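A quick write-up on the structure given underneath.
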Amino acid sequence: TRHFIGSKVDGLRTAMDLENSFGPAYARGRLLKGTSADAVIGVGTAESAAMIDGVLTLGILWLDYCRQHADARRHFGGLKVVVPASAGAPSDRSLSLGWKGAWRVTAERMAWLNHAAANFELYTLDERSEELTAVDFRDTGNYDSYLVHAFSPAAALDRCKAGIDRILALVPPTARERVEIRPHSATEASLLLHGLQFARVRHGASTHSFACEDEVTFGAGPGETPLTAENEASCRELLRSLFASRHPDGAHTDPLFRMAPERWLESRLRTAMPELLPGLRGDLIYSQVPALSTGDRSMLDLLTLDHNARLVVLELKANEDLHLPLQALDYWMRVRALNADRQPAAGAAATVSAFTRSTYFPGQEISALPPRLILAAPALRIHPANETVLRYLSPGIDWELLALAEHWRRELKIVFRKRSSNRS
């Protein structure tokens, strides 16, 4: 009330409301002035980075809720979002993003909302002085983005061939055709089963000589173990169990079946793309592109081109995620910025995008148009609030929501799709 003179604060609350996805981490209320009103939402310094980053999703839902439940005499024209002026020590994730304060993620996202649909405002609150400060989210500076130089997959596989053959010899013979081999760098390749990595080969210098050799490991995460002559039998038994459990008709109670569902979905979509999405270039797909981004991961799921050479960002979820639209927006913003970063190519006068300079999509002239954004999830795993948030994205974002058949492991097909209003 000190900052917004003449306005009345109405109904601030933190009560749990699971039906509408509101939780106690966010204070929400209304700011009334005559017949006009704004929705207000805020999050405090004590909350985690993920909670602070999620405030805009909940703010959009709160604005939509206020509009749906307002009487005819009052118009909710906008949303005011309040975030901490600063947070505690930044998390590892925040450091990887070039941490610049608790407001940065929200500001970047807010710039790409539909400002004709609502008046969005961002404020920081210093909890010690109780001072609100307006943030100009339209001037957030350059995104903290980088792009790792592309490498030759064929050359990487050739370097790691000896290690790959050693692992394949331990896979049950009838199951070897199910193994997916994917290079991750010029000297490293992984062996996967339906998106789940079960072995890794690194080609590098020996610790005992200047010669190169393959370091082969099996398992994943904390269970990753160097392969030796002594544990080959254990590795063979582990792989036998893995291939017996992880198949489309496996038991849903089996941990090996349930592991890494999003990577399984990514694997299915990558191989089925020519039939499922014929408008995209199924022969030019990059998986887990290390473009710096917000969200729980630092790599976007899939990046490809359509037949007009326009970049397409695909974000996948195997389970409900309230924040899917704005997390996907984070990836879209950075791909757009990298594509818009056009500079002369070596030895040529023509300007090309950062993707071309980093040797992605060799031989292709990438369109300067902003990328398309595709979100995909099983139909029964799409959070009911996702469509509401998508409606508030900028009309400059060409998005599409794909609802997949629930039994996507056996048969991948689209049940229904929703498109942004600027698509035909």
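None of these values were measured; they are calculated from a predicted model.
In this structure a side-chain-to-backbone donor-acceptor pair under 3.5 Å is present from Arg246 to Met259. A distance-only check finds no donor-acceptor pair linking the side chain of Arg310 to the backbone of Leu369 [under 3.5 Å]. Side chain of Asp71 to main chain of Arg73: a donor-acceptor pair is present (N/O by atom type, distance under 3.5 Å, no hydrogens or angles). Between the Thr304 side chain and the Arg281 main chain, a donor and an acceptor come within less than 3.5 Å of each other. Here the side chain of Tyr331 pairs no donor or acceptor atom with the backbone of Leu373 at under 3.5 angstrom. A side-chain donor-acceptor contact under 3.5 Å links Ser353 to the backbone of Phe355. A donor-acceptor pair is defined here as one N or O able to donate and one able to accept, closer than 3.5 Å; no such pair exists between the side chain of Trp112 and the backbone of Leu393. No donor-acceptor pair under 3.5 Å is formed between the side chain of Thr106 and the backbone N or O of Leu56. Between the side chain of Arg268 and the backbone N or O of Trp408, at least one donor-acceptor pair lies under 3.5 Å. A donor-acceptor pair under 3.5 Å is absent between the side-chain atoms of Arg138 and the main chain of Ala111, judged by distance alone.
To the nearest 0.5 Å, the span separating CD on Glu266 from OG1 on Thr271 amounts to 10.5 Å. With values rounded to the nearest 0.5 angstrom, Trp264 atom CH2 is found 5.0 Å from His194 atom NE2. How far CD1 of Ile414 is from CG of Leu276: 4.0 Å, rounded to the nearest 0.5 Å. Distance CZ/Phe198 to CG/Leu239: 6.0 Å, rounded to 0.5 Å. Put simply, CD on Glu320 and CG on Leu380 are 9.5 Å apart, with the number rounded to the nearest 0.5 Å. Note that CG of Leu338 and CZ of Arg336 are 11.0 Å apart. Values are rounded to the nearest 0.5 Å.
Taking a cutoff of 4.0 Å between a charged side-chain nitrogen and a carboxylate oxygen, Arg357 and Asp341 qualify as a salt bridge. With salt bridges taken as basic N to acidic carboxylate O contacts below 4.0 Å, none links Arg200 and Glu215. A salt bridge is defined here as a Lys NZ or Arg NE, NH1 or NH2 lying under 4.0 Å from an Asp or Glu carboxylate O, and Arg270 with Glu180 meets this definition. Classification of Glu224 and Arg202 as a salt-bridged pair holds, one side-chain N sitting under 4.0 Å from a carboxylate O.
In the model, Asp17 has no side-chain atom that pairs as donor or acceptor with a side-chain atom of Tyr65 under 3.5 Å.
Side-chain contact between Val83 and Leu122 is present, with heavy atoms from C-beta onward closer than 4.5 Å. A 4.5 Å side-chain heavy-atom check between Leu132 and Thr124 finds every atom pair outside the cut-off. At least one side-chain heavy atom of Leu31 sits less than 4.5 Å from a side-chain heavy atom of Val9. Using a 4.5 Å heavy-atom threshold, the side chains of Val312 and Leu277 count as separate. With a 4.5 Å cut-off on side-chain heavy atoms, Val43 and Pro84 count as touching. Between Asn319 and Pro261 the shortest side-chain heavy-atom distance falls below 4.5 Å. Phe22 places a side-chain heavy atom less than 4.5 Å from the side chain of Leu58. Leu311 has its side chain within reach of Leu303: a pair of non-hydrogen atoms, C-beta onward, lies under 4.5 Å apart.
Counting heavy atoms of neighbouring residues, nucleotides and ligands inside a 6.0 Å radius, atom CD of Glu19 does not exceed 12 of them. For CD of Glu365, the number of neighbouring non-hydrogen atoms (other residues, nucleotides, ligands) closer than 6.0 Å is 12 at most. Residue-environment remark: NE2 (His407) stays at or below the threshold of 12 foreign heavy atoms within 6.0 Å.
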Leu191 and Leu168: CA distance, side-chain angles, deciding distance, side chain to side chain contact (heavy atoms under 4.5 Å, CB included) verdict
CA-CA 9 Å; Leu191 289 83; Leu168 288 177; 3.9 Å; yes

Given side chain to side chain contact (heavy atoms under 4.5 Å, CB included), test Arg178 with His247 step by step and report yes or no.
CA-CA 9 Å; Arg178 297 166 56 194; His247 56 86; 3.5 Å; yes

Trace of the side chain to side chain contact (heavy atoms under 4.5 Å, CB included) decision for Met110 with Val135:
CA-CA 11 Å; Met110 192 174 279; Val135 175; over 6 Å; no

Asn20/Leu61 under side chain to side chain contact (heavy atoms under 4.5 Å, CB included): CA gap, chis, key distance, verdict:
CA-CA 8 Å; Asn20 294 292; Leu61 297 179; over 6 Å; no

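Of all heavy-atom pairs spanning Met273 and Gly282, the tightest one is SD-CA, 4.4 Å. Between Arg67 and Tyr392, the closest heavy-atom pair is NH1-OH, 3.4 Å. Residues Gly163 and Asp214 come closest through the heavy atom pair N-OD2, 2.9 Å. The two residues Leu326 and Thr57 have their closest heavy-atom pair at CD1-OG1, 3.3 Å. Here the shortest heavy-atom pairing between Asn386 and Pro325 reads ND2-CD, 3.4 Å. Across every non-hydrogen atom of Phe137 and Ala107, the tightest pair is CB-O, 3.5 Å.
The aromatic ring centres of Phe4 and Tyr123 sit less than 6.0 Å apart.
Screening Gln327, Glu315, His383 for a side chain to side chain contact (heavy atoms under 4.5 Å, CB included) with Asp321, the sole residue that qualifies is Gln327.
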